[in-house]
**Q** 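Quick one: the structure is below, questions incoming.
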Amino acid sequence: RYARPEFLDEISASAPLPMIVDGELGMPLDLSHWDCLWEENGDDSELNPDPTNTPKLDPRDQFLLGDPATTSTPFLGPSTPGVSTPSVAMPHVAWLRKTEYLSREGTSRASLTHDMKQHQDNTIDISRDAQLRDIDASFSAIESSDLASLRHPTKPELTAVETFEIFPDAEIWANAYDLFRFSERPGDRPPDVEDPRLDCAVLRPMEADGDHFLAYYLTKDDEDAIQFKRERLARSPDDPPEDEPTHFQFVRDYETVKVEQEVPNEFLLVLDDGMTHDEDLDSKKAGPPRPKGAYYKNIERKMLLKKKRVNTYEAYGDKWDVVKLTHTPMSAEEAQEREDALAEVVDPLFPLARGDADADAEGEVDEATAGLNGHENHDANGARHEIVDAVDVFGEE
């Protein structure tokens with residue numbers, strides 16, 4: 001391209017379109033042909049025909065009564081009386097579409113429309129009583145059904161062999177989990193070589209010149225990663241920090257391609273057979289085995305990462321080559337926050353407590369609003385006094 005498109009603007013402006021439109025926009029309408037419009041109490045049957053005695057429709061105008069949503073073929077002429085000629089609606093296709101797919105696509109679209117209409121006709125009761133009824137019916141259906149009759153929806157050769165009750169995983173419920181997917185395997189090893197360092201990596205948020213990315217760190221040796229994972233499983237939140245930190249070496253930077261803030265249909269699932277915990281763990285870490293079941297935890301976010309291009313001229317002062325990681329005891333605020341998150345699955349009265357807290361918060365807002373709108377307030381002794389200024393409520397800066 002040797003010229004910009006704006007080069008033709010002057011030429012197009014000097015050559016207007018040869019379109020001549022009269023005052024009636026090509027559709028003349030002479031109202032003098034209808035006397036009922038000019039005479040008082042005139043007969044307007046020509047303009048407003050009787051619905052029970054409609055005039056005969058011209059055969060050339062019959063196509064105007066068709067449904068545009070279902071009829072997309074042009075009118076080809078008057079049809080023979082008494083003979084119905086079904087017309088097949090051709091699908092709307094893009095330019096240069098192969099013609100051998102047109103009939104198949106039209107058939108599939110018609111069947112899809114029919115299924116959608118049937119689905120819309122079936123009203124679904126979503127009330128609370130209906131949901132409880134359907135949940136109870138699902139348990140009854142599972143108890144009375146044969147496992148061998150349950151097959152995989154996409155792999156019919158697979159059948160169910162065992163059932164698990166589903167529970168929230170109270171051991172990890174207070175933690176927040178994000179799912180990271182890499183465009184290619186991280187690290188410096190080929191895909192066919194096992195790398196035990198990958199499941200204990202460190203991702204550190206970074207920023208340089210307004211660009212946000214993640215710095216990726218791994219342990220130097222496999223033994224360090226194995227030792228770190230073993231000590232982490234055996235630790236208790238109240239244990240003192242380790243004597244020696246674990247060193248994580250910088251590998252490379254990754255940039256986020258896609259971030260999903262809400263992941264409603266993906267969970268972490270652990271199938272527990274109900275046996276005792278690992279004997280290698282510390283005795284204070286091990287406890288009574290929990291019941292057999294499938295334990296789940298929701299995922300907070302999903303991120304897709306790809307390698308960030310290395311720019312030798314890019315410099316950011318907060319870059320770390322080594323991360324020395326140790327565990328520290330939780331503060332009182334962190335412990336309370338963890339207890340509040342865990343109460344959602346271990347405290348049976350959690351829904352009632354949350355409802356009471358919301359009601360208390362609304363009550364405090366209503367009382368404050370009443371004081372502002374009524375121009376009065378009460379002190380600790382119940383004495384009533386007027387609010388002179390907003391400073392009395394919010395204080396000075």
**Q** Look up atom CD in E171 and atom CG in L342, then write down how far apart they are to the nearest 0.5 Å.
**A** 10.5 Å
**Q** Let me confirm one number: the CG-SG distance from N41 to C36, rounded to the nearest 0.5 Å.
**A** 11.5 Å
**Q** To check you understand the geometry: which heavy-atom pair defines the closest contact between T159 and A148, and what is its length?
**A** CG2-O, 3.7 Å
**Q** With a 6.0 Å cut-off (strictly less than), is the heavy-atom count around CD of E207, excluding the residue itself, greater than 12?
**A** yes
**Q** Rounded to the nearest 0.5 Å, what separates atom CG in D43 from atom CG in D35?
**A** 10.0 Å
**Q** Just wondering, more than 12 heavy atoms not from N265 lying within 6.0 Å of its CG?
**A** no
**Q** Should L305 and L214 count as side-chain neighbours, where that means a heavy-atom distance under 4.5 Å?
**A** yes
**Q** Could you check whether any side-chain heavy atom of D222 comes within less than 4.5 Å of a side-chain heavy atom of E194, counting everything from C-beta outward?
**A** no
**Q** Do you know which two heavy atoms are closest between P196 and D199, and how far apart they sit?
**A** O-OD1, 2.8 Å
**Q** Quick check: do D169 and R290 have side-chain heavy atoms less than 4.5 Å from each other?
**A** yes
**Q** I'd like to know if L269 and W173 are part of one continuous hydrophobic network [Ile/Leu/Val/Met/Phe/Trp/Tyr, side-chain heavy atoms within less than 4.5 Å].
**A** yes
**Q** Just say parallel, tilted or perpendicular for the rings of H327 and F228, cut-offs at 30° and 60°.
**A** parallel
**Q** Mind checking the CD-CZ spacing from E260 to R181? Nearest 0.5 Å is all I need.
**A** 8.0 Å
**Q** Evaluate the side-chain proximity of L203 to Y216: yes if any heavy-atom separation is below 4.5 Å, no if none is.
**A** yes
**Q** Hey, is CG on L57 packed in by over 12 heavy atoms from elsewhere, all under 6.0 Å?
**A** yes
**Q** Does CG belonging to L64 count more than 12 external heavy atoms closer than 6.0 Å?
**A** yes
**Q** Kindly give the heavy-atom pair with the smallest separation between S144 and S140, and that separation in Å.
**A** OG-O, 2.9 Å
**Q** Is R230 close to I226 at the side-chain level, that is, under 4.5 Å between some pair of heavy atoms?
**A** yes
**Q** Set out, in order, the CA-CA distance, both residues' side-chain angles and the distance that settles side chain to side chain contact (heavy atoms under 4.5 Å, CB included) for W38 and L31, then state yes or no.
**A** CA-CA 9 Å; W38 311 102; L31 300 180; 4.1 Å; yes
**Q** Find out whether N175 and R338 are in side-chain contact, i.e. whether some heavy atom of one side chain is under 4.5 Å from a heavy atom of the other.
**A** yes
**Q** Kindly indicate, with the supporting measurements, whether the criterion salt bridge (charged side-chain N to carboxylate O under 4.0 Å, His left out) is fulfilled by K319 and D253.
**A** CA-CA 10 Å; K319 181 178 180 179; D253 294 327; 5.3 Å; no
**Q** Is atom CD of E6 surrounded by more than 12 heavy atoms (other residues, nucleotides or ligands) closer than 6.0 Å?
**A** yes
**Q** Let me see the working for R197 and D221 under side chain to side chain contact (heavy atoms under 4.5 Å, CB included), right down to the final yes or no.
**A** CA-CA 8 Å; R197 307 172 301 166; D221 303 323; over 6 Å; no
**Q** Hydrophobic clustering (ILVMFWY, side-chain heavy atoms < 4.5 Å, transitive) - are F180 and L304 grouped together?
**A** no
**Q** For atom CD of E40, decide whether the heavy atoms of other residues, nucleotides or ligands shown that lie under 6.0 angstrom number more than 12.
**A** no
**Q** Quick one about D30 and S32 (side-chain donor to acceptor, distance below 3.5 Å, no hydrogens or angles considered), yes or no?
**A** yes
**Q** Walk me through it: do S127 and D125 pass the test side chain to side chain donor-acceptor pair (under 3.5 Å)?
**A** CA-CA 6 Å; S127 61; D125 188 3; 3.0 Å; yes
**Q** Going only through I, L, V, M, F, W and Y residues with side-chain contacts under 4.5 Å, is there a path from V346 to L349?
**A** no
**Q** Start with the C-alpha gap between R204 and D318, add the side-chain angles, then the distance that decides, and say whether salt bridge (charged side-chain N to carboxylate O under 4.0 Å, His left out) holds.
**A** CA-CA 11 Å; R204 180 169 178 257; D318 200 20; 2.9 Å; yes
**Q** Would you say L268 and I299 make side-chain contact, with heavy atoms under 4.5 Å?
**A** yes
**Q** Can you name the nearest heavy-atom pair linking A341 to A174, along with the distance?
**A** CB-CA, 4.1 Å
**Q** In terms of hydrophobic clusters joined by side-chain contacts under 4.5 Å, are V259 and F213 together?
**A** no
**Q** Report the C-alpha separation of L147 and V161 in whole Å, then their side-chain angles, then the decisive distance to 0.1 Å, and conclude whether the side chain to side chain contact (heavy atoms under 4.5 Å, CB included) test is met.
**A** CA-CA 6 Å; L147 286 180; V161 296; over 6 Å; no
**Q** Could you grab the distance from atom CG of L37 to atom CD of E39, nearest 0.5 Å is fine?
**A** 10.0 Å
**Q** I'd like to know if the side chain of E223 pairs up with that of Q227 as donor and acceptor (distance under 3.5 Å, no hydrogens or angles considered).
**A** no
**Q** Work out which heavy atom in Q131 is nearest to a heavy atom in I126; give both atom names and the distance.
**A** NE2-O, 3.0 Å
**Q** Closer than 3.5 angstrom, by distance alone: can the side chain of Y217 be matched with the main-chain N or O of W320 as a donor-acceptor pair?
**A** yes
**Q** One pair to check against side chain to side chain contact (heavy atoms under 4.5 Å, CB included): Y177 and I172. What are the steps and the verdict?
**A** CA-CA 9 Å; Y177 291 92; I172 62 174; 3.4 Å; yes
**Q** With rounding to the nearest 0.5 angstrom, report the CG to NZ distance, L233 to K229.
**A** 9.0 Å
**Q** Does S14 reach the main-chain N or O of I11 with its side chain, forming a donor-acceptor pair under 3.5 Å?
**A** yes
**Q** Of the non-hydrogen atoms in F164 and D272, which two are nearest, and what is the gap between them?
**A** CE2-O, 4.0 Å
**Q** Can you pull the side chain to side chain donor-acceptor pair (under 3.5 Å) pairs that have at least one residue in residues 291-308, sequence neighbours excluded?
**A** E162-K292, D178-R301, E184-K307, E266-K302, K308-E314
**Q** Quick check on the hydrophobic clustering: are M303 and V251 connected, directly or via other members, by side-chain heavy-atom contacts under 4.5 Å?
**A** yes
**Q** Is any side-chain heavy atom of S183 closer than 4.5 Å to one of V257?
**A** no
